[in-house]
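Heads up: the structure comes next, in structure tokens.
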Protein chains: 2
Amino acid sequence: MALKPVTRKSVSDQVFDQVLDEVVDGSLAAGEQLPSERQLAEVLGVSRPAVREALQRMAQTRLVEVRHGGGATVRDFRRYGGLDLLPRLLVRGGGIDPAVARSIVEARTSIGPGIAALAAERGGPALGVALDAVVERLSGTTDPVAWQELALEFWDVVVDGADSIVFRLMFNGLRAAYEPALPALAPALAGEVGQVDPYRVLTAAIGAGDPATARAAAERVLAPTNESLISAFAALTETPGGDD
Amino acid sequence: MALKPVTRKSVSDQVFDQVLDEVVDGSLAAGEQLPSERQLAEVLGVSRPAVREALQRMAQTRLVEVRHGGGATVRDFRRYGGLDLLPRLLVRGGGIDPAVARSIVEARTSIGPGIAALAAERGGPALGVALDAVVERLSGTTDPVAWQELALEFWDVVVDGADSIVFRLMFNGLRAAYEPALPALAPALAGEVGQVDPYRVLTAAIGAGDPATARAAAERVLAPTNESLISAFAALTETPGGDD
DNA sequence: GTTGGTCAAGTGGTAAGACCAGTGACGGCG
DNA sequence: CGCCGTCACTGGTCTTACCACTTGACCAAC
């Protein structure tokens, strides 16, 4: 009997989710006016403060624009949305959106090597040691989920070594989208468990302060995961998967 | 007589800003407990709903964690923060943070070429035409601010052509951080106004569907701006600059 | 007709007070 | 000593009221 933690979503959370869904799936088109707070409150059967908290959060993500006395307007999420709505786009409509999944893979592949090169430039030997420690733990791991978690931590350390805050913030956003899906994703990526050699090569290049080699090594670390990720996402389309 | 729009910040905005500032500058360290909503409301002289809206927005950006009945905890913004707090980090402490500025330049340089290559792969001739139109407008522009706006729009079109939602969302976040600073930044970048040739080369490569050439061309588009950007940010350190 | 002003209705912003629902620590009881 | 209930405190929600702003209609003066 597998028990799972009870989820208790607050009212404002639910309002937020509903409005966000309508914005993302186009039921509320860009430029459209939202119902007034009072109307929303009545329709949804909740209080106005609850609605307001949800709308303020929507405004915080730049998905709606609220003007004092002038109502709230939906904005084009493709034009104004941030990385934070990546999870919502990924699971669009009950299944995984393959275009979004592909895009995540592309971003990994495209950005990772550059970060590795920066880390090689700046990290110094200390970074190599830190990475070695992670790789060591990686080599002793057989559980797919734990392995992916460690892979994520490996990159976390690399990103720290790159010492470039923009990459750091991007990584945070991607991780926030990626990590919750790990339990559902990891089994499909089980094939790469145990393949620590690419990580060792990358670690060595970074520790040696060799950006060019690090860039190439990063590509070899990321490449094998890519096709597996795409198919993993595809396989997830009709699978319940890890929620929240 | 230069008039500027009157700014009227709502109470919850001000609370949000204050708390955010304290988190970013470390007055509220990671792991620390925030005062209770009731205490905050009393200390700041505002109502509890106003405080709640601000805290909910903080939670939305993953900078604080709120547990029902268990208070609110500050999280490490370097570990959990998203791209949306880039503007705040950039102007840390009244001046421009050079490390953040450098990082923005690095991200431009590192990611731009990959996006250009993707756009070349996927855009087709139609994308070339769209880019041509922007370049044409670019060539007729002498005002520095307008020129930078158009450069931003050029990349906007490129990112659309790359058809990869993650890059799109990243670009949105960077743009949201970059655009407000443009009026203050553009004059320092006036040197590049009129240099449309790199853009033409890039446009041609993308229109021709040549990823490798597009990648190289993108580097040549971005490179000249980089040193100017760094010094522009530096010059901005002791200049009022565009607020909000 | 255009300009400018006033007004009313609707909307978001703020406040106060009350109560519900979790959390956590303290102290009594076995 | 350990378990467990109580209670104070915290966040979550609702109600009600009022303020501030936007919009559009209407009207007077030019």
Side-chain angles (χ1 to χ4, degrees), chain A residues 3-20 22-23 28-75 80 244, chain B residues 3-20 22-23 28-75 80 244:
Chain A
L3 297 176
K4 61 177 182 179
V6 178
T7 64
R8 45 207 153 208
K9 275 190 178 176
S10 74
V11 172
S12 75
D13 276 348
Q14 297 180 48
V15 175
F16 178 81
D17 287 343
Q18 278 198 44
V19 177
L20 180 51
E22 298 233 326
V23 169
L28 283 170
E32 201 169 331
Q33 284 272 329
L34 260 64
S36 76
E37 296 178 353
R38 290 171 178 83
Q39 286 178 33
L40 274 176
E42 187 179 0
V43 170
L44 300 175
V46 300
S47 70
R48 214 183 127 204
V51 171
R52 278 188 55 80
E53 284 181 15
L55 290 187
Q56 292 297 321
R57 285 169 59 194
M58 290 290 293
Q60 180 65 28
T61 60
R62 300 193 296 268
L63 262 48
V64 306
E65 189 181 6
V66 181
R67 290 180 311 277
H68 188 174
T73 310
V74 179
R75 300 171 84 178
Y80 292 98
D244 225 38
Chain B
L3 296 178
K4 61 177 182 180
V6 179
T7 65
R8 43 204 151 209
K9 274 191 179 175
S10 74
V11 171
S12 76
D13 276 349
Q14 296 181 49
V15 175
F16 179 82
D17 287 343
Q18 278 197 45
V19 177
L20 180 52
E22 297 232 326
V23 169
L28 283 171
E32 200 169 332
Q33 285 271 332
L34 259 64
S36 77
E37 297 177 351
R38 292 171 176 82
Q39 286 179 33
L40 273 176
E42 188 180 0
V43 170
L44 300 174
V46 300
S47 71
R48 214 183 129 204
V51 170
R52 278 187 56 81
E53 283 179 16
L55 291 187
Q56 292 296 321
R57 285 170 58 194
M58 290 290 292
Q60 180 65 27
T61 59
R62 300 193 296 268
L63 262 47
V64 306
E65 191 180 6
V66 180
R67 289 180 313 277
H68 188 175
T73 311
V74 178
R75 299 172 83 179
Y80 293 98
D244 224 40

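Naming convention: chains lettered A, B, ... in sequence-line order (proteins, then strands); numbering from 1 in each chain.
A heavy atom lying under 4.0 Å from DNA chain D marks the following residues of residues 35-45 of chain B, by number: B:S36, B:E37, B:R38, B:Q39. Contacts of residues 46-53 of chain B with DNA chain C (heavy atom under 4.0 Å): B:V46, B:S47, B:R48, B:A50.
Counting all heavy atoms, side chain and backbone alike, B:L34 lies closest to B:V19 at CD2-CG1, 4.3 Å. What you find for A:R75 and A:V64 is that their closest heavy atoms are CD-C, 4.0 Å. Closest approach of B:Y80 to B:R62, counting heavy atoms only: O-NE, 2.9 Å. Pairing each heavy atom of B:A29 with each of B:V74, the nearest pair is O-CB, 3.4 Å. Of all non-hydrogen atoms in B:R57 and A:Q56, the two that sit nearest each other are CG-O, 3.9 Å. The heavy-atom pair separating A:T61 from A:M58 by the smallest distance is OG1-O, 2.8 Å.
Between the NE2 atom of B:H68 and the P atom of C:dG22 there is a distance of 6 Å, rounded to whole Å. Note: CZ (B:R67) to C1' (C:dG24) measures 11 Å, nearest angstrom. Note: CG (A:L34) to C1' (C:dT11) measures 13 Å, nearest angstrom. With rounding to whole Å, B:F16 atom CZ is found 15 Å from C:dG13 atom P.
In summary, contact between chain B and DNA chain D, defined as any nucleotide atom under 4.0 Å from a heavy atom of the protein, begins and ends at D:dT10 to D:dT22 in the 5' to 3' direction.
Note on A:Q56: only backbone sugar-phosphate atoms sit closer than 4.0 angstrom, heavy atoms only; bases stay farther off.
More than 12 non-hydrogen atoms from other residues, nucleotides or ligands lie less than 6.0 angstrom from CD of A:Q14.
A donor-acceptor pair under 3.5 Å is absent between the side-chain atoms of B:R48 and the main chain of B:A41, judged by distance alone.
By the side chain to side chain contact (heavy atoms under 4.5 Å, CB included) test, B:Q39 is found to be paired with B:P35, B:S36, residues two or more places apart in sequence or in another chain being considered. In this structure, the side chain to side chain contact (heavy atoms under 4.5 Å, CB included) partners of A:Q33, at least two apart in sequence or on a different chain, are A:R67, A:T73. Residues that satisfy the side chain to side chain contact (heavy atoms under 4.5 Å, CB included) test with A:V46, not counting sequence neighbours, are A:V11, A:V15, A:L44, A:A50, A:V51.
Comparing B:S10 and B:G69 along DNA chain C, the residue whose closest nucleotide (by nearest heavy atom) sits nearer the 5' end is B:S10.
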